[in-house]
Amino acid sequence: MNFDYSDDQKFLKDEARKFLGAHCGSDRVRAVLDDPATAYDADLWKAVGEQGWRGAAIPEEFGGLGLGHIELCAIAEELGRACAPLPFASTVYFVAEALMLYGSDAQKVRWLPRIAAGDVIGAFATSEGAGPVTARSVRTTVSGGKLTGDKIPVTDGDVADLIIVLARDGLYLVEKGASITAEVLETLDPTRSAARLTFADAPCEKLGSDDGIAAMQAVFDRAAVLLAFEQLGGADRCLEMAKGYALDRYAFGRQIGGYQAIKHKLADMYVKNELARSNAYYGAWALNAGAAELPLAAATARVAASDAYWFASKENIQTHGGMGFTWESDCHLYYRRSRQLALVAGSPAAWRERLVGQLEMRNAA
Amino acid sequence: MNFDYSDDQKFLKDEARKFLGAHCGSDRVRAVLDDPATAYDADLWKAVGEQGWRGAAIPEEFGGLGLGHIELCAIAEELGRACAPLPFASTVYFVAEALMLYGSDAQKVRWLPRIAAGDVIGAFATSEGAGPVTARSVRTTVSGGKLTGDKIPVTDGDVADLIIVLARDGLYLVEKGASITAEVLETLDPTRSAARLTFADAPCEKLGSDDGIAAMQAVFDRAAVLLAFEQLGGADRCLEMAKGYALDRYAFGRQIGGYQAIKHKLADMYVKNELARSNAYYGAWALNAGAAELPLAAATARVAASDAYWFASKENIQTHGGMGFTWESDCHLYYRRSRQLALVAGSPAAWRERLVGQLEMRNAA
Amino acid sequence: MDFKDSDAEATYRAAARDWLDANIAEHDAGHYPDDMAKAKAWQARKAVGGYACITWPQEWGGGGGTPIESVIFGQEEARHAVDGSYFTIGLGMCVPTVMAYADDATKRRFVGPAVRGDEIWSQLFSEPAGGSDVAAIRTRAVRDGDDWVINGQKVWTSGAHYSDYGIVLVRTNPDVPKHQGLTMFWLDLKAPGIEIRPIHQMSGGSSFNEVWFEDVRISDAQRLGPVDGGWKVALFTLMNERLAIGTSGGVGPEDILAFAAQANGADGPLLKDAAFRQTLADWWVQSEGLRNTRMRTITALSKGQVPGPESSIGKIVAANQLQAIGNTAVEAGDQYGIISDPALAPLRGAFHAATMWAPGLRIAGGTDEILKNIIAERVLGLPGEIRVDKDQAFRDLPVGA
Amino acid sequence: MDFKDSDAEATYRAAARDWLDANIAEHDAGHYPDDMAKAKAWQARKAVGGYACITWPQEWGGGGGTPIESVIFGQEEARHAVDGSYFTIGLGMCVPTVMAYADDATKRRFVGPAVRGDEIWSQLFSEPAGGSDVAAIRTRAVRDGDDWVINGQKVWTSGAHYSDYGIVLVRTNPDVPKHQGLTMFWLDLKAPGIEIRPIHQMSGGSSFNEVWFEDVRISDAQRLGPVDGGWKVALFTLMNERLAIGTSGGVGPEDILAFAAQANGADGPLLKDAAFRQTLADWWVQSEGLRNTRMRTITALSKGQVPGPESSIGKIVAANQLQAIGNTAVEAGDQYGIISDPALAPLRGAFHAATMWAPGLRIAGGTDEILKNIIAERVLGLPGEIRVDKDQAFRDLPVGA
């Protein structure tokens, strides 16, 4: 038994941290934040591509590194920690995973190597408006190989080359093209791009089975584990920032970190982060091992990580006091990202509901 | 506008506190706690009767003092503070209120003076098992003037002279008698008595309309406000105990009340108690004024008071540390009572649900 | 427990209502949160009617009324969409300090124009190194003949960019313990050497400013209270702050109730979701609790009592609730919830704005943690924090990196 | 991240399982929480098999195994209903301290019988005046020739009423700061002058005791560590406490899940109530988080690392969850929820018992507040509390009323 990263994985993770430390300082995140015309950091995206991270979990036969999902989790943790302004999740956790799960050999051969090589940005388009995505909420249809519908929001939809779209009768691959209109959306996290995509008879290709909702959920389960590591990385960074400030800042002649209100706030953060880490590890095991426990483990990891990141990001601001409320402080980058990550694969409430549903199914079995 | 007790009411309240200070120390509460054969403190019940408190809100024409419900609220607050081991709530908040609300003149003339005089203990029997009381959960029936059913738990059911029973087609008055079997129940709060009552063709008399659930709820609304004051009194006493201990107890050479963890815990208690007090006052106004806002105000008061008392009673134990966990400490008397009061008119969750239902009705109107 | 006005109160309310009906119409009703000219005109009109600074003596331009009359007028005025927030700090905190500590000539010069809304005042206490620790002030004033020369920086100064005057707390003696070396002055915010820079908040806007002092010269006649006796003056100002605290603004239970009635849950409207209902009930209970607590405060005011630090509970509860309500509505949107565009987000983005603003509300005017300390110490009588800085000279105190 | 045993681990597990199957059957399986004789017999049998104190050297009666083997055996043993709680404190904390600080003769006398379950040990540190503040010990030991004479009172002593021996921390010098005047001894709990009185808990039972010392005479040979050097010995003991911390016992998410599937809500089974489901999910996430954190701890153990104060998180989370789960199930009963009679209450009253026991669990072995301090200071490196008692003589420290 070894419930930890292996030494090789730790090395990879350390290298990723060093790389992002050098290439993804908060100035880079802010550059995307401050410029509404910039969807992501293109230079960083290219540099990350050169590291091969996008293909970490893609088999070598499809152009990836074939390392496995634990390695991808390690990378995700560091990307989350750096608050990287990249379409990494859309491309790798959603689209590449969907292709590996449901793609025909031809589809895999066509797309996975290009994703691994960095030539393709992906997006996963499921929502059509406010509220959870359900069989009833999906109005997008396919007729004669053409897809028509209105998806909002689609994370990275404005910059995506390949969009996997949920229609009434399944998932479809749609390539960027003239039959798609993109409208960029104003969101709580401008460091990540989102768009409304309107498809008007867009040429498409079926991906997997006719049960689109089930397929979407299977992709979400996989993405949830990977997102949980991004959330965990972000939450850990918030704790680190809060701790640093609590040691540096003096009030009434003492470090504020010496006051129990701050000490216990940070202890609460630590507890939530450690529970989230442990649950994320279990999710990583389930994902990597292809275990039947994945849906329950993914829900557990996602709920824990969403809770930890929300708490850490908001109490990090509180620990910083007035300074934490300024634009110039990095605190709000993490607060914003915590909202983006908590919602991009469905809300925490929806995942809690799914978690209990899984327990019911397990007990009924 | 005067959103406070009047000077007369304050005087009454002060007198009640003095009286209970002299006649209802924790030794009296413990005497009931420690003796399973004792349902309530009979001497105190008699003494309280001599104060006329049971008739505070009963009109003079029916033998009461005719003071009003604000005065009864003031008394309730002190009874809660003293953790009084008495069938006061059952008799006064439930049964007398039900009679005043639904009784015929004959029923009022017959029973209210005897309640005010202290000759009668009442009980309000609605529950027939685990879970909220609903139209579906009631199986008790009346046929030919005889009531048959199984009520569990009935607070003070073992010592009641007059029981108001919820049957399928309304509320009924049932007098103590041979057709009723009482089995005393073991509960979380042995300072308050509860029983399972089995009615086998018990002679009964209809009270009010055929809509028993609506009538029960109307009684609960009135009782909820009065119970909120008992809860508030208990919660305030817990804060006082916690504060006293925090000032007396030293750890690491300092009063534990000087540590922020304790300071903020007690500040949180104070905030909850003050919100509960303000909401209880509003409920008292609605009850006393016969305002249409009563159902919403009662739900608001009850939820706030249940929350405040639970928090205060459990964190009072925590503040006391190991000492608070001993039988000899009074902390657990309040912890137990907080559970009894939170459930006796339906659970906090049920009241939250009712509160939102009231908001929906208000908005639909 | 009675919500009804007394006869005198009812008479006052009726008169106020009549006056408002007559004057609001003329004045141009409607919502104008960012129109200072209209706000000033309305304040001037109120002064004429005796409704500006209702509790102040008439000789100073006030209404000579009671606290409860002030509350009644406030309730009636709130039925119309007028914005008095430009004057809250000046009339609630600064000018009362001037009235208490300045000489007659100064009072005659400033009080009237402030009451009439002609001149707006700011309070300049906070500094980068002293947020919660207000007395940790480093801005220096050095005596030069009959003048003082000020250098340093203030921060979190609400409304400095549109204010005319301010009261400023500065350090005049760094060689004594920190509370003993402070002095209060009033000053002209247009004076040479003062630079006002807006602070860009994480929520996007700029309600607050940094104010920089570079060799700002003021007369000793502008001093409020004794040299090195400013802390007592500041406490007087801050005591008035508590009375000036209003509601949080932003979204509340009623807003999310209305939203939930039409928002999609997984299985019908969000309002039918039992989990949402439980949470909504708790918010309602909190909000009603605060509303009813204000009723109790007004009752105390009407009896001539001065509300104490109890009112600190309001902001703790309201700010945390604002953050929870904002975020709950955001999360209720599921994926869509991330969209903050007012054209697409519910209630024109108000829940999203609340999510971004609430972190500031939990800090401004006393953090959650400071307010709990105030309740614990001043209401409950628990021991104060151990003060390592009490007896040391200010210049010897440890400071952060 | 791998849950699979290594080959060596799998072999060990198979052997342990075979041994358990063979020996449990003979021993009399089944639940016997209050049968000390059976518990002792089982401990003796484990000692013969090399499964008592698996990580201890074989020369001291241990198994000479690895921490991971100890965990594996624990997992396998947990599949059978045996109760080792009588030995937890002795073998987890007291005897290791004896092994570290006593002379060879003493070790030879006591270690073997303890491993075999013949003799049970208690730890006597806590006092009425020193709960969280362990070092605030007032029980005095005064030197008398080759002996010491002990007077005072200990409290919260688990299992003292069935124990044979104990280690006791006493004050030998009140004239120096409090951590410097303590000394540790082992002693016979049957010695004259020792009186053991059970503490009646609010939950009804009596797991703990008060232990009174009246002129209890012990030999200086029973001293563990230097005179006035007992605090360092106590820290050694307490470090082992962390490793001995188990799960909370009591009810957990699985229990309330099973309960909710059949409990009445207002509108069908409680498990179908959306509000309950949200809360249940959070409990599940916490419990799984703790379970998986233990996996990480075991991994660290298996690599030869010593788990640090991180393990403090377990009790904070578990104790508060226990209180919440207990009370939620109680409240779910609505009026009926008050009934605690095991014949009527769900799960034979386990939720009610949890509600009454959890307040104690939040205090025993370090309160929530102390554990958060430990995390903040020892894990996160935040400053310690200001210690007014550090440099004062113990006898001059302020004490409560």
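In the text below, chain A, chain B and the rest are named by the order of the sequence lines, each starting its count at 1. What you see below is based on every heavy atom in this structure, not just the backbone, and it leaves out hydrogens, waters and symmetry mates.
Among D:Q323, D:M202, D:H352, D:Q201, the residue with the largest count of heavy-atom pairs under 4.5 Å with chain B is D:M202. Most heavy-atom pairs under 4.5 Å with chain B, from the set D:I339, D:L397, D:D273, D:D368: that is D:I339. Contact count versus chain B (heavy atoms, under 4.5 Å) is highest, among D:L344, D:I363, D:T355, for D:I363. Between chain B and the options D:G265, D:A364, D:A136, D:A129, heavy-atom pairs under 4.5 Å are most frequent for D:A129. Of the residues considered (B:R254, B:Q318, B:K314), B:Q318 shows the highest number of contacts with chain D, using heavy-atom pairs under 4.5 Å. Ranked by heavy-atom pairs shorter than 4.5 Å toward chain D, the options B:E328, B:M323, B:H332, B:Q255 are led by B:H332. Of the residues considered (B:T155, B:L185, B:T326, B:I256), B:T326 shows the highest number of contacts with chain D, using heavy-atom pairs under 4.5 Å. Put simply, of D:V155, D:N327, D:V388, D:T328, the one with the most heavy-atom pairs under 4.5 Å next to chain B is D:N327. Ranked by heavy-atom pairs under 4.5 Å with chain D, the list B:E353, B:Q340, B:E128 is led by B:Q340.
Distance CD/B:Q260 to NZ/B:K265: 13.5 Å, rounded to 0.5 Å.
Using a cutoff of 4.0 Å between basic side-chain nitrogens and carboxylate oxygens, D:R387 and D:E385 are not scored as salt-bridged.
No donor-acceptor pair under 3.5 Å is formed between the side chain of D:Q153 and the backbone N or O of D:T139. In terms of modelled atom types and a separation under 3.5 Å, the side chain of B:K151 and the main chain of B:L166 share a donor-acceptor contact.
Side-chain atoms of D:R362 and D:N320 form a donor-acceptor pair, as typed in the model, at a separation below 3.5 Å.
Within the 4.5 angstrom heavy-atom criterion, only side-chain atoms of D:I199, from C-beta onward, approach chain B. With a threshold of 4.5 angstrom between heavy atoms, B:R136 approaches chain D through side-chain atoms but not through N, CA, C or O. Using a 4.5 Å cut-off between heavy atoms, D:P128 contacts chain B through its backbone alone, with no side-chain atom that close. For a residue to count as touching a neighbouring chain, one of its non-hydrogen atoms must lie under 4.5 Å from one of that chain's; by this rule B:R352 does not touch chain D. Of the two parts of D:K178, only the side chain, counted from C-beta on, holds a non-hydrogen atom closer than 4.5 Å to a non-hydrogen atom of chain B. At a 4.5 Å heavy-atom cutoff, the contact between D:A332 and chain B is made by backbone atoms alone.
Ring-plane geometry between B:Y245 and B:H320 is classed as parallel, the angle between the planes falling under 30 degrees on a 0 to 90 degree scale with a further cut at 60. Using cut-offs of 30° and 60° on the angle between ring planes, the pair B:F252 and B:Y259 is perpendicular.
Centroid-to-centroid, the aromatic rings of B:F325 and D:W156 stay 6.0 Å apart or farther.
Closest approach of B:T187 and B:A194 over heavy atoms only: CG2-CB, 3.9 Å.
Looking at residues two or more places apart in sequence or on another chain, you find a side chain to side chain donor-acceptor pair (under 3.5 Å) between D:S122 and D:S163.
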